[in-house]
Trainee: 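The structure that follows is given in the form of structure tokens.
Labels below follow one simple rule: chain letters A, B, ... track the order of the sequence lines, proteins then strands, and each chain is numbered from 1.
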Amino acid sequence: MTYIGKPKNHHPALERNKIGLTRRDYEGTISTLCAGCGHDSISAAIVDACFQLNISAHKVAKLSGIGCSSKSPSYFLNQAHGFNSVHGRMPSVATGANLANKNLIYMGVSGDGDTASIGIGQFMHAVRRQVNMVYIVENNGTYGLTKGQFSATNDLNSKNKYGDENLFEPIDLAKMAIQLGAGFVARSFSGDKDQLIPILKAAIEFNGFALVDIISPCVAFNNHAGSTKSYDYVREHNESVSLLDFVPSKKEITTKYKSGQRTNVKLHSGAYISLKKIDKKFNPTNKNMVLDKIYKAEDQGNILTGLLYINEKVREHCNIMNVTDTPLNSMGSKELLPSRQNLKAVNASFR
Amino acid sequence: MTYIGKPKNHHPALERNKIGLTRRDYEGTISTLCAGCGHDSISAAIVDACFQLNISAHKVAKLSGIGCSSKSPSYFLNQAHGFNSVHGRMPSVATGANLANKNLIYMGVSGDGDTASIGIGQFMHAVRRQVNMVYIVENNGTYGLTKGQFSATNDLNSKNKYGDENLFEPIDLAKMAIQLGAGFVARSFSGDKDQLIPILKAAIEFNGFALVDIISPCVAFNNHAGSTKSYDYVREHNESVSLLDFVPSKKEITTKYKSGQRTNVKLHSGAYISLKKIDKKFNPTNKNMVLDKIYKAEDQGNILTGLLYINEKVREHCNIMNVTDTPLNSMGSKELLPSRQNLKAVNASFR
Amino acid sequence: MKKITSVNDFVIKFANVNGSGSASANQMFAKGIFRYGVPVSPKNIFPSNIQGLPTWFEVRVNDKGYLGRRAGIDIAVPMNPQSYNKDIAEVNAGGYVLYDSSWKRNFNRNDITIIELPITSLCIAEFTNPKQRQLFKNLVYVGALAYLLDIPKEIYIKLIKEQFIGKEKLIAPNVKAFNIGFSYAKKHFQGLCDIKVKKSNLTKNKILINGNEAAGLGCVFGGATVCAWYPITPSTSLAEGFTRYCNQFRVDQVTGKNNFAIVQAEDELAALGMAIGANWNGARAFTATSGPGISLMNEFIGLAYFAEVPVVIFDIQRGGPSTGMPTRTQQSDVLLCAYASHGDTKHPLLFPADPKECFEFAALAFNLADRLQTPLFILSDLDIGMNDWMVPELNWDNFDEFDRGKVLDAKALDKIDKFGRYQDVDNDGIPYRTYPGTHPKKGAFFTRGSSHDAFAAYTEDGVVNAENLSRIKKKIDLSPNYLPKALTKQDRNFSEIGILYFGSTEVAMQESLDLLAKDNKPCDAMRIRSFPFGEEVWNFIDAHKTIFIVEQNRDAQLKTLILAECKTNHKKLKSILCFDGSPITANFISLSIKQHLGNKTLKKVARK
Amino acid sequence: MKKITSVNDFVIKFANVNGSGSASANQMFAKGIFRYGVPVSPKNIFPSNIQGLPTWFEVRVNDKGYLGRRAGIDIAVPMNPQSYNKDIAEVNAGGYVLYDSSWKRNFNRNDITIIELPITSLCIAEFTNPKQRQLFKNLVYVGALAYLLDIPKEIYIKLIKEQFIGKEKLIAPNVKAFNIGFSYAKKHFQGLCDIKVKKSNLTKNKILINGNEAAGLGCVFGGATVCAWYPITPSTSLAEGFTRYCNQFRVDQVTGKNNFAIVQAEDELAALGMAIGANWNGARAFTATSGPGISLMNEFIGLAYFAEVPVVIFDIQRGGPSTGMPTRTQQSDVLLCAYASHGDTKHPLLFPADPKECFEFAALAFNLADRLQTPLFILSDLDIGMNDWMVPELNWDNFDEFDRGKVLDAKALDKIDKFGRYQDVDNDGIPYRTYPGTHPKKGAFFTRGSSHDAFAAYTEDGVVNAENLSRIKKKIDLSPNYLPKALTKQDRNFSEIGILYFGSTEVAMQESLDLLAKDNKPCDAMRIRSFPFGEEVWNFIDAHKTIFIVEQNRDAQLKTLILAECKTNHKKLKSILCFDGSPITANFISLSIKQHLGNKTLKKVARK
Ligand SMILES: Cc1ncc(C[n+]2csc(CCOP(=O)(O)OP(=O)(O)O)c2C)c(N)n1
Ligand SMILES: Cc1ncc(C[n+]2csc(CCOP(=O)(O)OP(=O)(O)O)c2C)c(N)n1
Ligand code: SF4
Ligand code: SF4
Ligand SMILES: [Mg+2]
Ligand SMILES: [Mg+2]
């Protein structure tokens with residue numbers, strides 16, 4: 001059911017990217033997740049996205065909380081440092097890490113339990129601070145690792161494996177993030193590689209907080225009839241808001257596409273997001289319109305996917321905080337120590 | 001600046017309500033808040049609302065977190081039990097209390113620091129559970145008790161007492177609550193008694209989670225020019241969405257008002273909320289429309305106040321959980337103990 | 001090669017892949033022996049993972065009632081090629097290996113008997129559905145084992161039938177799978193195995209139950225009506241057990257409504273907050289968690305301590321620190337629970353030793369918490385909580401009204417002049433409380449975590465606050481009056497060596513003592529069941545020259561608590577510590593003590 | 001009546017209403033004396049409230065350098081009728097009361113001198129603006145006191161001018177208010193007061209600074225670049241101090257950008273999470289909080305401990321438990337910090353005794369945390385943190401590169417074969433680490449709170465995990481090699497009685513020792529500056545017959561830590577405990593010890 005199995009140690013296609021690496025160089029250790037788990041497809045998509053973007057893996061920091069989803073960072077980018085922190089608290093760790101070195105790419109991977117329950121506060125405040133990171137939620141509507149309890153993203157009346165109905169309304173992280181002012185909010189599906197990879201690429205290039213809420217079915221506990229997070233249900237109710245292409249530079253756009261049916265959004269990095277809209281009137285930079293569109297899809301029982309909202313003008317956290325360009329972690333006593341004179345003045349002020 | 005000073009021990013108007021109590025019977029101990037603090041006006045409004053609703057004070061449970069605002073429950077309803085819990089965690093305490101005895105009125109009082117920072121997770125989950133309570137946020141955009149740091153509801157670029165600008169977008173608890181499915185969401189202003197008292201009365205009568213986000217200026221730390229939570233600023237930018245009357249029963253509506261310009265919403269208790277709309281097209285039961293209206297007010301630099309959203313069809317937590325009608329705290333061994341026979345069967349199942 | 005020969009005394013270990021349904025088959029294997037009247041102790045050693053990783057299931061069979069873990073395997077059933085090496089290496093010389101010989105294998109050990117059962121081939125031959133082929137493998141080896149060990153097949157057939165009540169379609173194929181194994185063994189394995197199970201009556205009036213299940217039921221009997229929890233291994237099944245029994249015994253027959261409320265909270269902070277709110281409002285409420293949850297609950301624990309709100313907290317301990325080993329056992333939250341939260345605090349702890357005590361202590365805990373008006377911890381562990389233990393049947397005799405401790409109702413309030421929530425009326429440090437809504441004029445007070453006087457009013461008078469803190473200290477200092485007393489193994493002390501231990505170590509202790517006695521080192525032993533410690537503990541320490549404190553943690557946490565009370569000489573206390581996450585064994589205990597004692601021979605002399 | 005007569009030795013106490021601006025006037029009063037060369041120790045005793053409640057300000061003036069709190073007031077300045085009774089009752093016989101006699105009052109004490117200063121009337125007469133009338137009251141009494149005590153008015157006029165740099169308009173009215181008081185006193189109070197301040201040079205090279213300010217500056221010198229915090233009394237001013245000094249010394253002159261990042265987090269969990277994230281990524285980062293914050297940080301503390309991420313945590317202790325007394329001092333988080341988080345953990349603690357040590361330890365802490373790769377706590381308290389203490393000037397000599405401990409850079413990685421994050425390469429328990437982004441091929445590893453092997457790989461092998469835990473224990477056990485050693489008051493032990501103490505108790509200790517010596521009970525004293533304890537502590541304990549452990553908490557937490565190490569006899573340890581939230585006094589210490597010792601006379605004999 002996953003479009004690709006567990007990352008393999010030997011990959012058939014030894015194609016090399018611009019920095020001379022093969023896809024294999026972006027892989028991680030062998031997954032210990034269930035065969036068919038959506039999370040493994042997401043890991044594979046991350047590998048693809050990083051490979052295609054010619055990223056130096058060691059310039060990525062992978063962070064996560066606790067859960068099956070939060071184990072995923074082991075399964076991609078072996079050459080990147082990883083931090084599997086504590087349940088629901090990855091956002092704060094990422095925030096601190098980001099301040100220490102603004103020059104790495106921060107990839108946070110979390111689950112719906114990890115983010116929407118115990119971690120919702122940290123999530124919201126990371127959004128509010130515009131921490132420059134990709135925040136991936138591997139959303140299966142359940143607590144996989146603790147064996148299938150309802151999570152807070154589970155839909156009202158959706159059933160668990162034992163037939164019990166969920167009694168509460170879901171928390172929609174994408175809507176939350178939009179309301180809180182995140183600059184990049186996308187929703188996707190682990191089973192839709194074609195949609196997911198370009199979204200991940202755009203999210204990585206985006207300068208600011210980029211939420212990618214990915215429905216990622218749990219084959220062990222939430223993939224049955226009656227669940228709204230099963231492969232079948234999501235395939236049937238997936239409503240794509242637009243088709244996204246990630247274009248590394250402007251030049252490539254003009255050669256490839258006619259304008260008109262497309263909107264191009266220029267990112268801070270110089271790359272472009274090219275959106276082929278399905279609903280012509282839809283404007284992903286208009287908060288109200290986006291929320292309205294999501295509500296309407298919900299009313300029709302659909303899950304709106306794709307790049308939902310983008311605001312490339314947001315400033316990211318280090319910028320807001322006026323943090324210097326040199327990574328703080330590389331500064332030594334020369335940059336950081338006040339002088340003898342300084343201390344003398346301080347002493348004088350306490351006389 | 002507060003419309004009424006600290007609650008006094010001897011009150012001039014010894015008018016009695018239907019259960020024979022005077023307003024004084026609803027007061028608390030003498031406030032230790034700053035003279036002019038908005039929070040004291042809210043305490044006074046709560047006293048008025050309870051007096052007018054003929055509530056038996058001891059059938060109210062007052063709960064709070066930590067902060068100047070969270071001290072308030074001492075200053076009203078002396079005959080009610082109070083629980084000044086820990087910072088940001090009142091919602092969980094209220095949730096548990098509510099399950100133990102569904103027959104009391106639960107009044108939670110919190111601050112913007114208490115709710116929007118440390119407590120945002122518990123707040124959101126209490127909303128999601130539809131805990132049957134009035135949740136009052138005494139919102140001053142600052143941490144009063146710790147001397148004036150920015151809170152998460154402080155507006156972008158609003159200035160603190162020392163002239164520093166707030167660098168982050170605010171969290172709007174009302175919008176959050178609407179999105180999460182709260183049944184009753186109102187915003188008001190501590191300086192507007194006429195608006196506030198009927199809103200509080202309606203919130204108390206409402207069956208489910210009722211958020212009343214009350215802008216309540218902090219005279220010590222956030223009442224200067226440049227602050228968007230000062231008395232002056234709020235007075236100037238207050239845009240009332242409708243005028244609310246709380247009507248104890250249908251009969252009184254028909255005698256008092258002509259229909260047409262008013263919407264009447266029948267509450268679970270049999271009482272009515274009668275809304276005189278300012279914008280004729282505005283429908284407080286339509287989520288999208290409400291959110292849109294709030295965004296539009298924001299765009300114009302205004303603060304939308306009044307009853308923003310109501311959905312009287314929501315089921316409250318005990319109901320969702322199918323909790324029995326007798327308060328759980330009143331059940332004894334007769335109701336609660338399995339029989340010898342039961343235990344025998346259990347033992348047998350483990351052989 | 002000398003084969004191991006034994007009746008009703010052996011250890012068998014299954015090695016499987018998790019998520020393959022093996023646990024229930026292995027459990028059934030153990031239960032069959034139990035039904036045959038022979039004591040068993042199954043241990044599930046599973047990964048923190050859902051599917052695909054190695055998992056083990058160890059069953060000790062012992063008719064002396066030695067049911068602690070025992071190292072060394074007599075019969076191995078390695079079903080997971082990933083862990084073959086490790087699994088085979090553990091087998092005792094003379095032992096047996098039953099493996100899936102569909103793929104033949106040379107294990108390079110000629111001191112053991114290899115029994116070849118072509119499980120996969122048999123399943124492929126007999127089942128067509130690939131899922132069934134996989135799933136029924138487990139029953140095939142159970143069938144073979146039944147034959148090898150001489151356990152009547154009817155026992156298992158009955159167990160299969162019971163298991164599939166409501167899913168009767170599944171009975172036939174399961175029985176079939178079992179029979180395949182049994183028949184194949186009968187045909188090919190005759191006389192191969194000298195380890196046997198013989199019918200006995202040692203399990204009469206006994207049950208096989210895990211501690212979380214028992215604790216969940218105990219909460220029902222304790223009168224708990226509100227449970228707020230957050231999923232975490234190994235405590236999850238406690239809340240789930242409580243849920244199941246509530247659904248069974250607490251749904252109003254007429255209205256169909258619940259005489260209980262169980263909330264899956266958003267996290268552990270909220271879970272404890274809800275439990276505190278409910279207790280404050282007069283319901284009996286609890287939460288269940290494990291180490292990380294306790295860490296998160298620290299702030300609320302201090303509030304309940306200082307505001308004197310009763311609340312029961314189950315800590316099903318797992319391997320720490322941090323996320324640690326979520327699926328392994330330890331007794332390593334003792335210190336944190338005892339002193340949880342900032343400022344001066346001390347909390348009563350109960351240490352159940354087995355599922356039966358989980359049941360009893362769970363029920364008792366609500367009385368104790370109400371009596372003491374303080375957070376009360378029940379420190380179980382993964383071994384007790386998630387493994388099935390053989391214990392006497394659960395028993396309940398008290399159908400009186402619950403003892404709610406010092407609570408004033410409206411009538412009582414009418415009689416008193418002025419209610420002071422934190423007054424030490426009875427000179428036992430325990431004040432009186434009221435529930436919200438009790439009385440229109442009297443008894444209302446403000447509960448707070450900030451400093452307060454005897455009337456619950458906020459005070460910044462440091463002396464008044466210190467008085468209140470001293471009263472609380474007195475209350476906790478006197479709590480051993482109410483808590484379960486420590487128990488000794490001997491009627492009367494007779495050795496100069498005493499062993500102190502607690503919790504799940506109990507199951508290994510009798511065997512340890514017997515091993516020591518056999519080695520001319522008879523020792524006395526006392527099991528601590530609660531903290532703060534009662535007089536009997538100090539007397540026991542005083543009565544012995546040397547005290548060994550046996551613990552399943554690295555840092556000698558119980559010993560720390562003993563030292564901290566400043567009542568005993570440090571030199572006589574020696575630690576025996578096991579913290580590798582496996583349940584402690586009698587061998588480890590006795591060997592460690594022997595090492596300390598050297599060649600010394602101890603005499604049995606009656607002591608004070 | 002015999003008036004108290006003294007020069008440079010008295011206690012004066014102001015009683016005000018908070019939010020009335022009194023604190024800054026009172027501080028100025030104290031600073032004036034300091035500038036005049038006489039040692040002072042001001043203590044602000046304020047409510048947990050913003051406006052309207054009683055607040056006190058105590059200043060001890062003492063040219064022997066006894067700067068601990070002293071009970072008994074020589075001069076009272078009660079400006080708050082609410083607390084008149086209490087304030088007057090505290091005045092020593094022969095003492096003085098200066099009060100606002102605009103409303104005359106009979107205090108019913110004829111053993112004290114009442115000095116009547118019609119402050120309000122004077123202000124009404126001289127100022128028209130009602131706000132000014134209120135605000136300037138404070139300076140009026142400062143002026144009167146300057147006259148009464150013989151402090152040159154120029155000192156205060158200069159202080160006023162300095163205070164209002166940038167707001168020069170305010171200088172004149174402030175000076176005017178001061179002069180009103182001074183002149184009135186000169187006219188009416190001549191000869192009234194026999195307590196005097198005499199110019200001295202005892203404050204040369206000294207500064208008057210609070211511990212939070214000093215610690216904030218220490219963090220700047222320690223190379224901290226990331227601070228994440230959440231407001232909480234009494235720690236808030238530490239983060240604010242750091243912010244101020246960063247803005248002063250760490251803004252790039254060219255770009256105007258910040259060589260630092262300070263985040264007001266959403267709560268304490270997030271604050272510590274950010275600090276951990278930043279440290280993991282190679283920046284020096286810290287958080288500052290108080291008790292409730294430590295409780296909330298428990299889970300993250302365990303993560304940092306087990307994953308071995310350095311992080312510095314300031315705990316400015318206040319009155320616990322729970323919300324407790326947020327504006328009072330205690331040393332009651334010792335136990336929680338030492339063993340914070342579930343599972344087996346133990347954390348190094350530093351105990352600064354005064355603001356100077358706050359500065360030094362703050363800077364040192366970052367080296368230590370990096371060296372030990374573990375969370376490191378600095379346990380200050382409200383008394384040190386928020387009161388101005390007279391200490392020697394701050395001093396800094398080391399402008400070398402920071403000692404980052406065992407960190408491998410790209411070059412170092414190139415040289416080694418295989419990097420093992422948790423290998424005990426140097427046999428000191430301390431492994432090597434790498435920062436993210438260091439090397440394209442080598443040195444990457446996965447940091448986790450779950451069980452891991454020497455190569456940071458996840459493992460469920462309990463033995464491997466236990467080995468790793470044992471290595472961590474070794475690292476912490478060896479940490480006294482790096483931590484600040486305990487200090488003794490005496491060059492050589494000479495008494496059979498030893499006193500152990502720590503932190504802010506220091507300021508009362510010399511006086512206690514002198515009082516004891518005067519009473520023929522000379523004692524030795526050692527100040528513990530860190531945990532785990534070094535050899536010198538055990539030697540000191542061994543060298544004395546009886547050890548008094550002086551603590552500002554209820555439960556003898558430091559003693560518990562000492563007992564827990566299982567190295568000393570419990571019987572020789574006696575606790576002296578003060579937990580009413582006021583800084584401990586020399587009188588209390590010496591009296592308590594005298595009570596224990598009875599009539600015994602001690603001899604001074606040189607001891608080992
Ligand atoms: C503080 C804490 N509480 C509880 C747990 C137990 N726990 C582990 S994973 C998990 C939920 C994971 O759910 P989710 O984030 O949705 O991840 P999934 O496994 O579904 O991918 C929980 C509750 C924990 N590790 N820490
Ligand atoms: C766990 C914890 N952290 C921090 C504090 C300190 N603190 C007390 S009140 C407060 C903020 C209060 O702000 P708000 O809720 O807005 O109340 P206000 O005083 O503005 O009414 C803080 C941070 C605390 N009491 N507990
Ligand atoms: S339990 Fe669910 S979420 Fe976890 S690995 Fe298996 S399929 Fe994935
Ligand atoms: S500080 Fe602000 S919030 Fe607190 S009592 Fe004063 S005015 Fe009110
Ligand atoms: Mg999930
Ligand atoms: Mg506020």
Trainee: Do side-chain atoms of R128(B) reach the backbone of P170(A) as a donor and acceptor pair under 3.5 angstrom?
Mentor: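 The answer is no, because no donor-acceptor pair under 3.5 Å joins these two groups.
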Trainee: Just so I understand: if I count every heavy-atom pair under 4.5 Å between each of Q122(A), M124(A), K296(A) and chain B, which residue has the most?
Mentor: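 With the most close heavy-atom pairs to chain B, the winner is M124(A).
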Trainee: Nearest 0.5 Å, what's the OH-CG distance between Y295(B) and N286(A)?
Mentor: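 The OH atom of Y295(B) sits 10.0 Å away from the CG atom of N286(A).
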Trainee: In terms of heavy-atom pairs under 4.5 Å, which option from H125(B), H317(B), E169(B) contacts chain A the most?
Mentor: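 Winner by heavy-atom pair count: H125(B).
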Trainee: For the residue pair Q179(A) and D172(B), establish whether any side-chain heavy-atom pair is separated by less than 4.5 Å.
Mentor: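 Not touching, per the 4.5 Å side-chain cut-off.
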Trainee: Verify the neighbour count for atom NE2 of H268(B): are there more than 12 heavy atoms of other residues, nucleotides or ligands below 6.0 Å?
Mentor: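 Counting neighbours around NE2 of H268(B), 12 or fewer heavy atoms of other residues, nucleotides or ligands fall under 6.0 Å, so no.
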Trainee: Are there over 12 heavy-atom neighbours, none belonging to K161(A), within less than 6.0 Å of that residue's NZ?
Mentor: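 Result for NZ/K161(A): enclosed.
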Trainee: Between A116(A) and chain B, with a heavy-atom cut-off of 4.5 Å, which part of the residue counts as in contact: side chain, backbone, both or neither?
Mentor: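 When you check distances to chain B, only backbone atoms of A116(A) fall under 4.5 Å.
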Trainee: Looking only at heavy atoms, what is the nearest atom pair of F168(A) and M321(B), with distance?
Mentor: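 Closest heavy-atom pair between F168(A) and M321(B): CZ-SD, 4.1 Å.
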Trainee: For R315(A), is it the side chain, the backbone, both, or neither that has a heavy atom closer than 4.5 Å to a heavy atom of chain B?
Mentor: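 Neither the backbone nor the side chain of R315(A) comes within 4.5 Å of chain B.
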Trainee: Nearest 0.5 Å, please: how far is CD in E298(B) from NZ in K287(A)?
Mentor: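 Between K287(A) NZ and E298(B) CD, I get 7.5 Å after rounding to 0.5 Å.
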Trainee: Answer with side chain, backbone, both or neither: which region of L167(A) has an atom nearer than 4.5 Å to a non-hydrogen atom of chain B?
Mentor: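 Both backbone and side chain of L167(A) come within 4.5 Å of chain B.
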Trainee: Within the structure provided, determine whether L291(B) and N288(A) are in side-chain contact (heavy-atom separation under 4.5 Å).
Mentor: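 Not touching, per the 4.5 Å side-chain cut-off.
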Trainee: Any chance you could measure I120(B), atom CD1, to I120(A), atom CD1, to the nearest 0.5 Å?
Mentor: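 With rounding to 0.5 Å, CD1 (I120(B)) is 8.5 Å from CD1 (I120(A)).
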